[in-house]
Amino acid sequence: MISALDHVQLAAPEGSEDLLRSFYADVLGMTEIPKPPVLAARGGCWFATGDGAVQLHLGIEADFRAARKAHPGLRVTGIEAYARRLQERGTDVVWDDDLPGHRRFYATDPVGNRLEFLEPTGPSSSCALSAAASAPDRPGRARPD
């Protein structure tokens, strides 16, 4: 059974590691973590939050195409201040109010990958999506008989 999400991997073009380090460490405030030597030989870089609970791996892809729709959703605290941090460091922020119970915005990394940042606005919002997804009466979903 699945017990947790270990990491999310995004693709990046060859030779972009320094650009990625600058963005993920300096702009987002993540910490670069060492890749195992056999994997380090492939290029790319890995990052984690201060507590290590969230990891993003950036892997080199020869025929790179930025993920413009697919994206990691990164939960933050103090989303207004975090958005200002990104903007002050030259990253465009696009707010989106379409997810009930959350404040959220999108940004792109320096190679064009889409990133979502969100913060729940109420005590029930963190469970709202999983409750809706498991509802047996949801339209379009077969009910077991």
Heavy-atom closest contact ([X] atom, [Y] atom, distance):
| X | Y | answer |
| --- | --- | --- |
| N113 | A67 | OD1-N, 2.9 Å |
| T108 | F23 | O-CZ, 3.9 Å |
| F64 | A11 | CE1-O, 3.1 Å |
| F47 | I33 | N-CG1, 4.1 Å |
| I60 | S16 | CD1-OG, 4.3 Å |
| R68 | R114 | O-CD, 3.1 Å |

Item checked: Heavy-atom donor-acceptor pair, T121 side chain to R103 backbone, under 3.5 Å -> no
[X] versus [Y]: any side-chain heavy-atom pair under 4.5 Å?
| X | Y | answer |
| --- | --- | --- |
| L115 | L28 | yes |
| L20 | D109 | yes |
| L56 | L74 | yes |
| T77 | Y82 | no |
| S22 | V27 | no |
| E61 | P13 | no |

Notebook entry, point to check: Between H71 and Y106, is the ring centre distance below 6.0 Å?
Noted result: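 Ring centroids of H71 and Y106 are less than 6.0 Å from each other.
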Check: Between H57 and Q55, do the side chains contain an N or O donor and an N or O acceptor separated by less than 3.5 Å?
Finding: yes
Rounded distance (nearest 0.5 Å) linking atom [atom1] of [X] with atom [atom2] of [Y]:
| X | Y | atom1 | atom2 | result |
| --- | --- | --- | --- | --- |
| W46 | Q9 | CH2 | CD | 8.0 Å |
| R85 | F117 | CZ | CZ | 10.5 Å |
| L19 | Y24 | CG | OH | 10.0 Å |
| K35 | C45 | NZ | SG | 7.5 Å |
| E116 | D96 | CD | CG | 7.5 Å |
| E17 | E32 | CD | CD | 9.5 Å |

Checklist line | V111/L58 under side-chain contact (heavy atoms from CB on, under 4.5 Å): CA gap, chis, key distance, verdict | finding: CA-CA 11 Å; V111 298; L58 285 295; 5.7 Å; no
Check: Has D26 got more than 12 heavy atoms of other residues, nucleotides or ligands less than 6.0 Å from its CG?
Finding: yes
Check: Does CZ in R65 sit with more than 12 non-hydrogen atoms of other residues, nucleotides or ligands closer than 6.0 Å?
Finding: no
Next item on the list: Using a strict 4.0 Å threshold on nitrogen-to-oxygen distance, state whether E119 and R75 make a salt bridge.
Entry: no
Next item on the list: Decide, yes or no, whether a salt bridge links D98 with R104 under the criterion of side-chain N to carboxylate O below 4.0 Å.
Entry: no
Next item on the list: Report yes or no: do W95 and L118 belong to one cluster of Ile/Leu/Val/Met/Phe/Trp/Tyr joined by side chain heavy-atom distances under 4.5 Å?
Entry: no
Notebook entry, point to check: With hydrophobic residues grouped by side-chain heavy-atom distances under 4.5 Å, do V93 and L99 end up in a single group?
Noted result: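 Unlinked, V93 and L99 end up in two clusters.
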